[in-house]
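Just so you know, residue 1 is the first one in the sequence shown, and it goes up from there. Everything numeric here is computed off the predicted structure, so don't read it as measured data. All heavy atoms count here, side chains included; hydrogens, waters and symmetry mates do not.
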Amino acid sequence: MTGIAIRFPLQQVHSNCYFWNMIASGKHLLHTITFVLLFFVFCLNSSFGQTLIKPQVLDNAEWQGFFAKHFHLKNIRALKTTVAPGDIPYPTVWKYEGDIDKEKKGKYLLFPAGPDADFLVMPSNNNVGTYLLYFNYPHPEKDFVEMNFMADSVICRQVTKDIFMFQFNDDGFKIGGDSSGFKRYIFVSTSGRLASKSLVAHTCVVTLNSVDTVRSLVYLYINYNNGAAYKKNFRFDYHNYLLLTDLNDMEDLNGSIVIDSVHYCPIKSVEEATK
């Protein structure tokens with residue numbers, strides 16, 4: 001039986017391979033372009049998720065060690081800060097009382113702000129407030145102290161690469177038997193830039209909704225205890241450091257959340273208190 005040999009022209013085979021390779025390459029290119037576009041859109045209006053920053057809870061020895069390391073103050077019993085003159089009186093003397101006052105135990109908190117900066121949270125020694133201190137070691141001219149109500153606990157979330165949102169919780173404050181307490185939210189950057197306005201909330205919690213990196217906006221999610229929610233009524237403009245809202249009347253939120261001023265003052269010097 002004679003076999004039949006079938007031959008294709010070599011040029012035609014090459015042409016067919018080139019054709020199918022082009023189709024395969026086109027599909028691969030299309031997938032690549034689609035992925036890049038989706039990733040770009042995702043970056044423009046992303047909700048990467050907020051990072052909860054875990055603080056170091058300082059005991060007395062660690063509190064002293066912090067000021068020994070960064071300010072060359074050895075075994076201090078009391079700290080003295082000199083602040084810029086202003087209308088609001090700030091504490092000038094700080095003592096560690098977490099070991100003798102149960103209400104202050106665990107409330108000396110150190111949050112890293114970057115390789116050369118830290119946030120230090122301390123209660124005042126007269127029980128009238130909880131203060132956020134920022135220390136920038138290469139640039140001490142950026143140091144500040146910021147005043148809050150007496151906080152039972154403090155939470156710090158990193159909402160963008162450079163922006164932190166601090167939440168000061170006053171769980172003991174009651175209104176007509178309501179056990180919701182108060183929460184205060186402030187925004188500050190790794191370099192110590194502080195927003196001039198804060199959110200003070202009652203019966204609700206403020207969390208990150210999404211980040212628009214094109215418009216430099218952090219959209220905030222307001223979640224109420226009764227299940228009601230406001231997704232984008234509040235936003236933080238981190239280019240101009242402004243806290244904004246679409247609501248013309250705060251009664252739209254039943255008066256349970258307000259935009260409030262932030263009270264802070266530059267720190268001029270840190271030294272050991274002699275008395």
Side-chain angles (χ1 to χ4, degrees), residues 41-53 55 111 113 119 121 129-132 134 144 146-171 173-175 178-264:
V41 171
F42 180 73
C43 290
L44 289 183
N45 193 356
S46 62
S47 54
F48 287 107
Q50 51 201 342
T51 302
L52 189 65
I53 305 301
F111 296 89
F119 297 108
V121 173
T130 297
Y131 291 80
L132 175 68
Y134 172 79
F144 68 77
E146 186 266 341
M147 179 177 64
N148 301 281
F149 46 62
M150 200 69 179
D152 298 298
S153 60
V154 181
I155 297 173
C156 177
R157 294 181 175 88
Q158 190 168 4
V159 294
T160 73
K161 178 183 177 182
D162 301 312
I163 307 297
F164 296 91
M165 180 175 73
F166 278 88
Q167 174 183 327
F168 292 86
N169 302 310
D170 184 1
D171 302 322
F173 192 92
K174 312 297 179 187
I175 300 179
D178 192 328
S179 59
S180 298
F182 270 105
K183 295 175 176 60
R184 183 183 184 90
Y185 299 86
I186 67 168
F187 298 86
V188 60
S189 73
T190 56
S191 62
R193 187 177 182 184
L194 187 64
S196 61
K197 298 293 183 179
S198 68
L199 280 177
V200 178
H202 176 63
T203 71
C204 59
V205 177
V206 178
T207 56
L208 173 68
N209 177 279
S210 60
V211 179
D212 186 337
T213 57
V214 173
R215 299 178 179 84
S216 300
L217 292 175
V218 174
Y219 289 99
L220 302 173
Y221 188 92
I222 313 298
N223 190 20
Y224 278 81
N225 297 345
N226 62 7
Y230 295 81
K231 293 185 177 181
K232 288 190 175 182
N233 294 105
F234 290 91
R235 59 197 181 276
F236 177 63
D237 176 354
Y238 59 88
H239 177 72
N240 299 300
Y241 267 65
L242 297 174
L243 193 58
L244 308 171
T245 181
D246 295 328
L247 302 178
N248 294 323
D249 187 354
M250 297 307 291
E251 290 301 320
D252 290 343
L253 292 176
N254 300 318
S256 55
I257 185 167
V258 296
I259 294 179
D260 190 31
S261 296
V262 171
H263 302 291
Y264 70 101

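Side-chain contact between Val159 and Val211 is absent, with no heavy-atom pair separated by less than 4.5 Å. Two residues are said to be in side-chain contact when any heavy atoms from C-beta on lie closer than 4.5 Å; Leu243 and Phe187 meet this criterion. Between Asn233 and Ile222 the shortest side-chain heavy-atom distance does not fall below 4.5 Å. With a 4.5 Å cut-off on side-chain heavy atoms, Cys156 and Gln167 do not count as touching. Side-chain contact check for Leu194 versus Val262: some heavy-atom pair is nearer than 4.5 Å. Residues Phe236 and Tyr241 form a side-chain contact, since some pair of their non-hydrogen atoms from C-beta on lies under 4.5 Å apart. The shortest side-chain heavy-atom distance between Phe234 and Ile259 falls under the 4.5 Å cut-off. Between Thr207 and Leu220 the shortest side-chain heavy-atom distance does not fall below 4.5 Å.
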Practice task
Kindly determine whether Lys183 and Val206 satisfy side-chain contact (heavy atoms from CB on, under 4.5 Å), including the steps that lead there.
Solution key: CA-CA 9 Å; Lys183 295 175 176 60; Val206 178; over 6 Å; no
Problem - Derivation of the side-chain contact (heavy atoms from CB on, under 4.5 Å) call for Ile186 and Tyr264 - result: CA-CA 11 Å; Ile186 67 168; Tyr264 70 101; over 6 Å; no
Practice task
Kindly indicate, with the supporting measurements, whether the criterion side-chain contact (heavy atoms from CB on, under 4.5 Å) is fulfilled by Ile257 and Tyr185.
Solution key: CA-CA 11 Å; Ile257 185 167; Tyr185 299 86; over 6 Å; no
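With hydrogens and angles ignored, the 3.5 Å screen pairs a side-chain donor or acceptor of Tyr134 with a backbone N or O of Thr190. Checking side-chain atoms of Thr130 against main-chain N and O of Ala151 turns up a donor-acceptor pair under 3.5 Å.
Atom NE2 of His263 is separated from atom OG of Ser198 by 8.0 Å, given to the nearest 0.5 angstrom. Rounding to the nearest 0.5 Å gives a distance of 12.5 Å between CZ of Phe168 and CG of Asp152. Atom OG of Ser196 and atom CG of Asn240 lie 11.0 Å apart (nearest 0.5 Å). Here Arg157 contributes atom CZ and Ile163 contributes atom CD1; the two are 16.0 Å apart, rounded to the nearest 0.5 Å.
Scored by the salt bridge (charged side-chain N to carboxylate O under 4.0 Å, His left out) test, Asp260 finds Arg184 as partners (sequence neighbours excluded). Residues that satisfy the ring-ring contact (aromatic ring centres under 6.0 Å, His included) test with Tyr238, not counting sequence neighbours, are absent from this structure.
Partner Phe119 forms a ring pair (Phe, Tyr, Trp, His ring centres under 6.0 Å) with one of Phe166, Phe111, Tyr131 and no other, that one being Phe166.
Contact record, Ser189 with Phe164: C-CD1, 4.4 Å, taken as the closest heavy-atom pair. Minimum heavy-atom separation, Gly181 to His202: O-ND1, 2.8 Å.
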